[in-house]
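Reviewing the structure listed below.
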Amino acid sequence: MASLWFDLRDIKFQVFEVFKLEENILGKSRYVDFDVDTCNMALDQAAKFAEQEIAPTYPDEVHRKPVEATFKDGKVTTPEIYKRLWKLYCEAGYVAMADMPESGGQGFPIMIAAACGFMMLSCNPAFMMYPGVTHGAARLMENYFHHPLREIVMQKMYSGEWAGTMCLTEPGAGTDVGALKATAKRNPDGSFSIVGTKSFISGGDHDLTPNIIHPVLARIEGDPKGTKGISIFMVPKIRFNEKGELGEPNDVYCSGIESKMGIHGSATCTLNFGDNGKCIGYLMGEQGQGMPIMFNMMNEERQAVGMIGAALAGASYLHALDYCKQRIQGCDVIAMAMKIEDAPAIAIINHPDVRRMLIKMKSISEGIRALCLLCYYCMDKMFSAMYSTVFDPNANKEELEKEREYWEGMIEILTPIVKSYATDMGMVGCDLAVQSYGGYGYCREYPVEQMMRDQKINAIYEGTNGIQALDLLGRKLGMKKGAYFINLLNYTKEAIDEAEAMEALKGEAAIVKAALTACGLTAKDFSKMIGTTPYVPLIAASDYLNCLGDALAGWLHLRMAIEAVKKFFDPSTNEKEKAFYRGKIEGARFFINRITGLVPAKTDNLKKDEQSTMNIPLESFAGE
C-alpha cells in the first residue's frame, strides 16, 4: 500500500532522474565512497522508520486528550511517545547523517540526508524540531566554538546525547535583533556572565536529554548598539567538564511555554539566563561577530523550514487523494447534465473541481519539494569543490574556487525563496486538502486540519516571509553586482532549450522562458525604482518573490517533464511506471500553464506606480 505521508517513488525520481545524483555527485570528491545502491538503501530505511515509528506519533489529540509539550513547576515535559522516538532516531545516526565521519557523522550527500529528513518531517514536524535545531547548533559549535570543550560538545550533540537550540529572539527584539538587551560581562577566567531573557525558543527546555546547549546572542558590556555590537556564546543548561561529566545547573531556567496554534509537541520556551547571577557562557568566534555566525545556523534552519512547508503540503495531498478516491457522493456531471435517472453515485475524485484541487495540490507539493532539493544539490556541489581543493593534490584550485563561489551564490539566492515560497505555497496545498474533504476536513477525525495548523508557523519563524522577500529584493539579487542572480537565470536555459526541441513540451518551455525573463526584467526595473519611487518595489517584494518562485517551480516541473516524456515513450517502461510518468507530465502542464503562465502579467502589475499602501492615513484603516 502506498504511503499517505510521502511519495518515495517521486522522491527517488527527483533525486536520481531529475538531479541525476549518480552522474553529478556520487563516486566523486567528498562522496567517492557513495553509490546509488547505498543511497537507495538509506532512503528505503528512512522511509520505513518514518512510516512505522514517526507517523503514529503525529496526532496532537488522541481521544480528545491533547498530546503536547507541557510546563509545570518550572519543568518542560515532552509527549511520552517522543522519548522512545528520540532514542531510536539518534541511535540510527540521523542527527549527523550528512556530516563528516571525523565529526561523528555518516558523510552522506546532503541531498540524500535532506530527502530522508523530508520523509520524517512529513510524519511529525513537531518532533523533528528537536533534532533539527540540535544539528544546526552542533554545526555552529564545530565551526566557531574554539575552546577545550569543543570536542566533547560536538560528540554529545551529533550523537544526540545532548540537544541544542538557537537563542536570538527577545520579548522586545524579534525581527529587530539589534535591539536585544541580553548582556555578557567578561570574567577573569575568560568566560562570560550572561544575563537576559530569550523568547520563542524551540526546544528551549525539555526532558529528552540531560543537557541542552544554547548558542546565545548577547552584547558584551561596552560594545556598540545595533547588530555590530552583538556576540554569540555557548551557554549550557548544565555545566560540564572536558570529559562531558555534568555538574551544577548553569542558572538557565524556563519560565513558561507558548500555547500555540500548531506543532503542539514542540516546546516553544521563554528562557531566563542569569537571574541569580550564575549563568556562565563562552565566546564563540570573534567578539562582535554574533550575527554573521548565527546566520550560518539561521540559513540552515530557513532551508529546513522550506522543507517542512513542502513536507506538510505533500502529506496533506496524499491524505486528500486517498479520501477523494473513497468518498462516494454525487453522480457524474455529464449524467447530471443529461438528466439521466438512476445514474450511480461516484467517488468525488471524478468531479472536475475536486480533480482541479488534487492536481493543484500534486503539482504544488512536487514543485516546492524539487525547489528545496535543488538548494541541497547546490550544497553538495559546493562542498565537493571545497573538499577537492583541500584533499586533491592535482586539483586546479583556481577553478575549484570559482566553482565553490558559483554554487554558494546559488544557495544565497535560493535560500529566501525556498523558505518563503515553499511555505506560502505549502499553506495553499494544506488549505486545498482541507477543502477537498468538505466538512470532514475541518474536523479532528482527519489529520489535514492539524497539518494546516502546523503549516502556518513556517511562514513566520526563522525570519517572516516578508523579511525573506526584502532580503531577496534588497540584498540577494544585487550580490556581486547581480552575478549570482544572472547565474541562476542562466542555469535554467539548458532545460528550456531541451524542452523547446520536444514537440510535447515546447509550449510549456515558452511559458517558463517568458516567466523567467519577466522576473529578470522586473528585477532590473525595481533596482532603478529604488532611487525614484522606492515604495513600489518594497510593497511588491513579497509578490515578486512568489512570482520568481512560480517561475522557478515551473522550470523544475519542465525538468521533471523532460525526463518523464523520455521514459513514458520508452518501450521498456512498464504500465505502472508509465502511469507514474504520465502523472509527472500532466502535473507539469497544469502548473506551468495555470500558475507559471500568470507571472508576466503579475510582474507587469507589480511595477505600476500604485502606492495606496503608503498613501492611506493611519486613521483611515478603520472607523472609530
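- Formation of a donor-acceptor pair under 3.5 Å by the Thr573 side chain with backbone atoms of Lys567 is found in this model.
- Residues Tyr94 and Gln106 approach most closely at N-NE2, 4.3 Å, considering heavy atoms.
- Using modelled atom types, one finds a donor on one side chain and an acceptor on the other under 3.5 Å when comparing Asn465 with Asp424.
- A donor and an acceptor atom, one from each side chain of His135 and Glu300, are located under 3.5 Å apart.
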Report the C-alpha separation of Lys476 and Asp471 in whole Å, then their side-chain angles, then the decisive distance to 0.1 Å, and conclude whether the side chain to side chain contact (heavy atoms under 4.5 Å, CB included) test is met. CA-CA 6 Å; Lys476 297 297 178 66; Asp471 179 46; 3.2 Å; yes
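- Between Arg559 and Glu563 no salt bridge is recorded (no basic side-chain N to carboxylate O distance below 4.0 Å).
- Side-chain atoms of Lys419 come within 3.5 Å of backbone atoms of Asn458 as a donor-acceptor pair (strictly under, hydrogens ignored).
- In this structure, the side chain of Thr492 engages the main chain of Leu489 through a donor-acceptor pair within 3.5 Å.
- Within 6.0 Å of CZ on Arg594 lie no more than 12 heavy atoms contributed by other residues, nucleotides or ligands.
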Test side-chain hydrogen bond (donor to acceptor under 3.5 Å, both in side chains) on Thr423 and Gln455 and set out the steps. CA-CA 7 Å; Thr423 56; Gln455 181 72 276; over 6 Å; no
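- Within 6.0 Å of NZ in Lys325 there are 12 or fewer heavy atoms belonging to other residues, nucleotides or ligands.
- Ring-plane geometry between Phe49 and Tyr89 is classed as tilted, the angle between the planes lying from 30 to 60 degrees on a 0 to 90 degree scale.
- Using a 4.0 Å cut-off between charged side-chain N and carboxylate O, Asp431 and Lys456 make no salt bridge.
- The pair Glu498-Lys566 meets the salt-bridge criterion, with a side-chain N (NZ, NE, NH1 or NH2) lying under 4.0 Å from an Asp/Glu carboxylate O.
- A pairwise comparison of heavy atoms in Ala42 and Met97 identifies CB-CE, 3.9 Å as the closest pair.
- The aromatic rings of Phe34 and Tyr31 sit perpendicular, their planes meeting at an angle over 60°, well past the 30° parallel limit.
- At a threshold of 4.0 Å, the pair Lys260-Glu68 does not count as salt-bridged, since none of the basic side-chain nitrogens sits closer than that to a carboxylate oxygen.
- Considering only heavy atoms from C-beta on, Tyr446 comes within 4.5 Å of Tyr323 through its side chain.
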Working for side chain to side chain contact (heavy atoms under 4.5 Å, CB included), residues Cys375 and Ile411: CA-CA 6 Å; Cys375 201; Ile411 297 165; 4.3 Å; yes
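- Heavy-atom contacts from other residues, nucleotides or ligands closer than 6.0 Å to CD of Glu408 number more than 12.
- Using a 30° and 60° split on the angle between ring planes, Phe580 and Phe13 fall in the perpendicular class, above 60°.
- A donor and an acceptor atom, one from each side chain of Lys602 and Asn605, are nowhere located under 3.5 Å apart.
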Applying side chain to side chain contact (heavy atoms under 4.5 Å, CB included), run through Trp407 and Asp380 and close with a yes or a no. CA-CA 9 Å; Trp407 293 109; Asp380 278 327; over 6 Å; no
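- When ring centroids are compared, Phe526 and Tyr544 come within the 6.0 Å threshold.
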